[in-house]
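Here you go, one structure.
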Number of protein chains: 2
Amino acid sequence: MATLKKIPLVLMGCGGVGRQLLQNIVSCRSLHANLGVHLRVVGVSDSKSLVVASDVFTKEFNDNLLSEICRLKADHSSLSMLISGFGGECQVFLDSDLRGKLLEIASLLGISTGLAFVDCSASSETVEILTQAVDLGCCIVLANKKPLTSTMEDYDKLVSRPRRIRYESTVGAGLPVIASLNRILSSGDPVHRIVGSLSGTLGYVMSEVEDGKPLSQVVKAAKSLGYTEPDPRDDLSGMDVARKALILARLLGMRINIDSIKIESLYPEEMGPNIMSVEDFLSTGLPLLDNDIGERVRKASLNGNVLRYVCVIEGSRCTVGIQELPKNSPLGRLRGSDNVLEIYSRCYSEQPLVIQGAGAGNDTTAAGVLADILDIQDLFP
Amino acid sequence: MATLKKIPLVLMGCGGVGRQLLQNIVSCRSLHANLGVHLRVVGVSDSKSLVVASDVFTKEFNDNLLSEICRLKADHSSLSMLISGFGGECQVFLDSDLRGKLLEIASLLGISTGLAFVDCSASSETVEILTQAVDLGCCIVLANKKPLTSTMEDYDKLVSRPRRIRYESTVGAGLPVIASLNRILSSGDPVHRIVGSLSGTLGYVMSEVEDGKPLSQVVKAAKSLGYTEPDPRDDLSGMDVARKALILARLLGMRINIDSIKIESLYPEEMGPNIMSVEDFLSTGLPLLDNDIGERVRKASLNGNVLRYVCVIEGSRCTVGIQELPKNSPLGRLRGSDNVLEIYSRCYSEQPLVIQGAGAGNDTTAAGVLADILDIQDLFP
């Protein structure tokens, strides 16, 4: 058997996606060996601590240690608990040492091995380390949307070596959205319009209100089904969709920031999180919105249309909000929590290229991250 | 500006797809320069002749020569006509010298530069050269289905270095089918079922007969619209769909040959090309089939279903033929000539991952080939 190509990586973020990724890395050992690669985890960090292999050149976390990290973090324990059990194999760095140590690993392994920084956090703090890691020759794989939706300056730095960054799971979880757009763009087929339903939560909400249910009931049901964030306004504000739209728009070459995107929130400012508690919002705020949405649904229906919460990227325009769309279009037919993306280009001009499927969940998000890591394997020696 | 990464390539096949590819290579020069790459065409062959740059190490076809090749081949002229106009820049090899010269280029450039052999022919003859080119360290990019649907031995050889082969345009033209499946598989998400409508022609035919039109009229209309091969039986036999199904099945790990696939032909053997002329088939053969198909359409409709000509890959089974499918599924809703693929895996278990769009045409097929070439750029020095 030929030697396996080793891909060293540091994972940032041990939430649901990060833990699922570590589990998948362990369970895919023999699959990846058949593909000729071995993923060598040399560091894992959460917001407060960093665990690093005792010698990043020659050592790695073994599968027991990776499983132990998953177990600890699922219990909301700190990574520093690892000191006791696996003392010889790894070192733990805390707080102020964390950033310096990450950059030290980047400078040790970046240029020589193409070390991959894998950001599965939801933090806006990682962008600083990531941009510096790029300069140190590292590859970047992101499930975290924040680094790509920061300033244009940060974005330009992150994508300055376009082959060394992958971020499939930032849009539509594991759905092959970014990979497909990159293929279309590199073939010289200009993309002139993207319309997408990129929030499973809002997709579910819009298809339920289409059936005549009041918005307030639908949102409460979605919350109790676990479809929404703890505060449903995090979904209803449209900000998460706007971040995804910004990532797509920038991929198409638009040089804009998040505040240049017109975002329609499903609730008015006076029902915002700083003014109203979640309970008040659900019990007294939301019901005040039922009539308006219900009326819009009925009006759309008279035109043979339905309402969808979509992002539209076209020309120099990027908007996020409710649109009236033909009932008989891929987006109009959408039911439940699937994501859908319609891509219009020269090759797909009259009928779009459509990509549809589950666009959320730790499982599919982590799968997208793992596919990204495998996809950059040719960059490693 | 940094030096561009040079990707040397030899194109086999100058039909519509091959010519479109050469035109796209020329028109994408500045786009690709921005991506840091330069496609260096060092040879072009059709079935009878091969044109090679005068020195494959240092020279390449300039854009005038590439355009001239497109012009000649669009006029059905021979590549040997090039001797006169571009004598100094290229050499022409004919017939018996062709194979030897291709292998000579492969051995000169394969290991040192990762030369890409791009097969846009529809020939079953290229597989021998391609398998040898693999041994010589070359990369392989295919729009041609035949090499991948030959024996398992040939297939194993072609994919023996999986990072060095791409074949997106063999299934669904430029639709990101193979790339997406590769992503899913490499992430350890097992694909357990694929259902696809992979023939634009048969997709059109089935959605028209669904509207109550007789099969014979629909096929004649499709032929006059240019949707079918000159002999529509080439489409109606299902053989083209079977080749695509075989490529997908082998990608999923099934070790089968084309003759292990159950293929339903839309016409009986006694109306085959060796027995009946195209004219007789259209005027007297086809109308005899109208009632049977019409009856099947009506029966399906009573169950709320529609008929689609699909491939189904599941477990160890791979079949190609008419299936009754729910009207309200992505395949059931399909209209016109779009291709659709539904992929079921662990991550996409209840609702499939769906990829839909134009699955034929020189434009989108050539775009898929070009994206494949860009996708292997990291393998080149």
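What you are looking at is a predicted structure, and each value in this text was computed from that prediction instead of being measured. Numbered from 1 within each chain, the chains take letters A, B, ... in sequence-line order.
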Note, A/T170 side chain near A/N144 side chain (heavy atom, < 4.5 Å)
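They are not in side-chain contact.
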Looking at B/V306, is its backbone amide N or carbonyl O close enough to the side chain of B/K327 to form a donor-acceptor pair, meaning the two atoms are under 3.5 Å apart?
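No, because the side chain of B/K327 does not come within donor-acceptor range (under 3.5 Å) of the backbone of B/V306.
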For each of A/Q351, A/Q377, A/H32, tally heavy-atom pairs with chain B at distances under 4.5 Å, and name the one with the top tally.
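When all of A/Q351, A/Q377, A/H32 are compared, A/Q377 has the most.
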Side chain proximity check, B/I165 to B/C139, heavy atoms < 4.5 angstrom
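No, their side chains stay 4.5 Å or more apart.
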Let me know if A/D372 has heavy atoms under 4.5 Å from chain B in its side chain, its backbone, both or neither.
both
Part of A/D338 lying under 4.5 Å from any heavy atom of chain B
side chain
Using a 4.5 angstrom heavy-atom cutoff, name the option from A/V340, A/N182, A/L31 with the most pairs to chain B.
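The residue among A/V340, A/N182, A/L31 with the greatest pair count is A/L31.
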Using a strict cut-off of less than 4.0 Å between a Lys/Arg side-chain nitrogen and an Asp/Glu carboxylate oxygen, indicate whether A/R335 and A/D211 qualify as a salt bridge.
yes
Just so I understand: if I count every heavy-atom pair under 4.5 Å between each of A/V369, A/D189, A/L379 and chain B, which residue has the most?
A/L379
Which bit of A/L175 is near chain B, if near means a heavy-atom gap under 4.5 Å: side chain, backbone, both or neither?
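Both backbone and side chain of A/L175 come within 4.5 Å of chain B.
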Of A/V37, A/D375, A/L35, A/I25, the largest count of non-hydrogen pairs under 4.5 angstrom with chain B goes to A/D375
Is A/P162 in contact with chain B via its backbone, its side chain, both, or neither, using a 4.5 Å heavy-atom distance?
neither
Contacting region of B/L374 [heavy-atom separation from chain A under 4.5 Å]:
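Both parts, backbone and side chain.
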Interface moiety of A/L185 toward chain B, non-hydrogen atoms closer than 4.5 Å:
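When you check distances to chain B, only backbone atoms of A/L185 fall under 4.5 Å.
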With chain A, the option among B/P330, B/A371, B/G357 that has the most non-hydrogen atom pairs under 4.5 Å is B/A371
Which bit of A/I355 is near chain B, if near means a heavy-atom gap under 4.5 Å: side chain, backbone, both or neither?
both
Residue, of B/G368, B/G336, B/C347, B/G174, that accumulates the most heavy atom pairs under 4.5 Å with chain A:
B/C347
Taking the side chain as every heavy atom from C-beta outward, state whether B/L370 and B/C28 have any pair of such atoms under 4.5 Å apart.
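When only atoms from C-beta onward are counted, B/C28 and B/L370 do touch, with a gap below 4.5 Å.
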Against chain B, label A/A179 side chain, backbone, both or neither, depending on which of its atoms sit under 4.5 Å from a heavy atom there.
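Only the side chain of A/A179 comes within 4.5 Å of chain B.
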Looking at side-chain heavy atoms only, is the closest gap between B/V141 and B/D119 below 4.5 Å?
no
Please rank B/P176, B/A173, B/S345 by heavy-atom pairs under 4.5 Å with chain A and give me the top one.
B/P176
Between B/R183, B/E168, B/E350, which residue shows the highest count of heavy-atom pairs closer than 4.5 Å to chain A?
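Maximum pair count with chain A is reached by B/R183.
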A/C120 side chain near A/L11 side chain, heavy-atom distance below 4.5 Å
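A side-chain contact under 4.5 Å exists here.
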How about A/T364 and B/Y348: does a side-chain donor come under 3.5 Å of a side-chain acceptor?
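There is such a pair between these side chains.
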Please determine whether a side-chain nitrogen of the Lys or Arg among A/R193 and A/E342 lies less than 4.0 Å from a carboxylate oxygen of the Asp or Glu.
no
Identify whether the distance between the nearest side-chain nitrogen and carboxylate oxygen of A/R255 and A/D156 falls below 4.0 Å.
yes
